[in-house]
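Positions are given from 1 along the sequence. These numbers come from a predicted model, not from an experiment.
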Amino acid sequence: MKTDLRSDTFTKPTLEMLEAMFKAEVGDDVFGEDPSINKLEAMGAAMFGMETAMFCPSGTMTNQIAIKVHTSPGDEVICDDLSHVYIYEGGGIAFNSGAQVRPLKGNRGRITAQQVAEYINPDDLHKARTRLVSLENTANRGGGSCYNFNDIIQIKELCLQHGLGLHLDGARLFNALVATGETPKQYGEIFDSISICLSKGLGTPVGSLLLGKNDFIKEARRVRKKFGGGMRQAGYLAAAGIYALENNIERLAQDHMHAKQVADALSQKSFVKAIVPVETNILIFEMAEPFTAQVMIDALKQHDILCLPISKTSIRMVFHLDVLPYMVANMISVISNLELA
Ligand SMILES: Cc1ncc(COP(=O)(O)O)c(C=O)c1O
């Protein structure tokens, strides 16, 4: 029995999802003729009340395409310094868009309007032109933290005043929606572009959607082609996305509960120094000296429980649909009995 908490990207499609994929109607999507992709894109756009959507192979691609469409070379993008777009996309903002980043020190991956206001450059030829604000919800490196929606509204007002685009890396937006009770339409009204991942907690093997206005997505399709992301009979993958949107959203609450249960077990152990408050499906904790993250990871591995270090002393566990209640019960018992030397 392997319990793989390294990421929610490790999920494998269920039999029901595979059946939906097997039965998919397909066509050439570069010609706009894949009925399953067209259906998924329409479904995503309708859910968020946005004009249209585009299916891509990955969340990195939807983020990078959005940034490319929002900016020109030499422009500046404001985001939290823990943002995926900044630290985990291979320098893609510089490589793909020739833009630079103004990283802000936020609170567990979340920034405020006051911070953004401070860093919007004046119209001065010495300065890069501030063009885009990019938020992440939930924030991965913030331990699955959720934005307060009022903070997003305030950032939006600022963007409108200064003519800035507002992009959301919503790789795990559905986790935030399930945790807070907010709706996709609230987000669709505010953001100029939203990236959502289908291949994390929603459990598909591949795929992300980029949502936005018709003109924006028309340009995004040109960029996707240039990035080599135009796919042909990818409706088999879109069918998994349709299945996930219809069946796998509400169940994310179970992952959140599992993360809290394991956090409770860890809080009883003297070798755990601190636990980042659990809001969704990500659990980050820090080991007490002299124990390193690797010592704990190796000890859990002996019990077939896999997780990742995010620093010398911190560990991340991500809960998802392949982590079943009996695995969580087993983990709690392993942690309760664990002694580190
Ligand atoms: C917050 C966030 N954004 C974007 C991505 C990128 O998604 P992908 O792995 O599909 O490129 C990830 C992946 O883990 C992520 O955690």
Side-chain angles (χ1 to χ4, degrees), residues 7-48 50-70 84-85 88-90 92-93 95-97 167-174 184 192-249:
S7 175
D8 46 8
T9 56
F10 280 84
T11 56
K12 298 202 179 120
T14 58
L15 212 56
E16 292 81 5
M17 186 179 275
L18 286 170
E19 269 169 21
M21 294 169 74
F22 189 69
K23 289 186 196 141
E25 262 189 82
V26 296
D28 190 328
D29 182 50
V30 175
F31 284 77
E33 289 182 15
D34 188 301
S36 301
I37 293 186
N38 293 342
K39 183 174 169 188
L40 172 66
E41 290 174 345
M43 205 173 153
M47 247 176 143
F48 283 81
M50 293 181 91
E51 286 181 5
T52 189
M54 175 179 72
F55 184 59
C56 284
S58 71
T60 300
M61 189 179 276
T62 40
N63 280 333
Q64 290 298 321
I65 289 175
I67 292 166
K68 176 89 181 150
V69 177
H70 281 294
H84 197 279
V85 294
Y88 289 134
E89 297 187 4
I93 295 180
F95 187 81
N96 298 312
S97 300
H167 172 69
L168 177 67
D169 176 355
R172 296 184 182 81
L173 180 59
F174 285 109
D192 298 304
S193 53
I194 300 181
S195 158
I196 55 168
C197 286
L198 303 162
S199 62
K200 307 225 156 38
L202 297 186
T204 76
V206 179
S208 286
L209 282 174
L210 181 62
L211 303 138
K213 287 205 161 48
N214 288 326
D215 284 356
F216 182 90
I217 296 296
K218 189 173 172 209
E219 191 54 29
R221 287 188 189 281
R222 289 187 80 86
V223 176
R224 183 183 67 175
K225 192 77 186 91
K226 287 185 237 198
F227 283 2
M231 296 184 286
R232 305 295 176 174
Q233 289 75 25
Y236 295 112
L237 303 173
I242 294 167
Y243 180 89
L245 291 180
E246 285 174 346
N247 296 283
N248 288 350
I249 295 177

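Nearest heavy-atom pair across Ala24 and Ala239 is CB-CB, 3.6 Å. Between Pro205 and Ala240, the shortest heavy-atom contact is CD-CB, 4.0 Å. Across Glu33 and Pro35, no two heavy atoms sit closer than the pair O-CD, 3.3 Å.
Within the 4.5 Å cutoff, the side chain of Leu237 has heavy atoms near those of the Met21 side chain. Side-chain contact between Phe216 and Ser193 is present, with at least one heavy-atom pair separated by less than 4.5 Å. His167 has its side chain out of reach of Asp192: every pair of non-hydrogen atoms, C-beta onward, lies at least 4.5 Å apart. Looking at Ile249 and Leu245, their side chains come closer than 4.5 Å, going by heavy atoms from C-beta outward. A heavy-atom distance below 4.5 Å is found between the side chains of Met231 and Pro57. The closest side-chain heavy-atom distance from Asn96 to Val223 is not below 4.5 Å. Here the side chains of Thr60 and Val85 are not in contact, with every heavy-atom distance at 4.5 Å or above. Residues Pro184 and Met50 fail the side-chain proximity criterion, which asks for heavy atoms closer than 4.5 Å.
Once rounded to the nearest 0.5 Å, the distance linking CD1 of Ile196 with CG of Leu209 reads 4.5 Å. Annotation: the span from Tyr243 atom OH to Lys23 atom NZ amounts to 10.5 Å, rounded to 0.5 Å. The line from NZ of Lys39 to CD1 of Ile242 is 5.0 Å long, rounded to the nearest 0.5 Å. The CD1 atom of Ile67 sits 4.0 Å away from atom CD1 of Ile93, with the distance rounded to the nearest 0.5 Å. Taken to the nearest 0.5 Å, the CG atom of Asn63 stands 4.5 Å off from the OG atom of Ser195. From Glu89, atom CD reaches atom CE of Met61 across 11.0 Å, with rounding to the nearest 0.5 Å.
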### Task
Output, in order, the C-alpha distance, side-chain angles, deciding distance and verdict of side-chain contact (heavy atoms from CB on, under 4.5 Å) for Leu198 and Leu40.
CA-CA 11 Å; Leu198 303 162; Leu40 172 66; 3.9 Å; yes
### Task
Might you work through the side-chain contact (heavy atoms from CB on, under 4.5 Å) test for Lys68 and Lys226, ending with a clear yes or no?
CA-CA 11 Å; Lys68 176 89 181 150; Lys226 287 185 237 198; over 6 Å; no
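Pairs engaging residues 203-217 under the side chain to side chain donor-acceptor pair (under 3.5 Å) rule: Glu51-Asn214 [sequence neighbours left out].
The aromatic rings of Phe174 and Phe48 sit perpendicular, their planes meeting at an angle over 60°, well past the 30° parallel limit.
Here the side chain of Glu25 pairs no donor or acceptor atom with the backbone of Ser36 at under 3.5 angstrom. At least one donor-acceptor pair closer than 3.5 Å links the side chain of Asn38 to the backbone N or O of Gly32.
Residues Lys225 and Glu219 are not paired through a salt bridge, judged by the lack of any N-O separation under 4.0 Å between the basic side chain and the carboxylate. Using a 4.0 Å cut-off between charged side-chain N and carboxylate O, Asp34 and Arg232 make no salt bridge.
The side chain to side chain contact (heavy atoms under 4.5 Å, CB included) with Arg224 is formed by just one residue from the set Val69, Leu210, Ile217, Ile65; it is Ile65.
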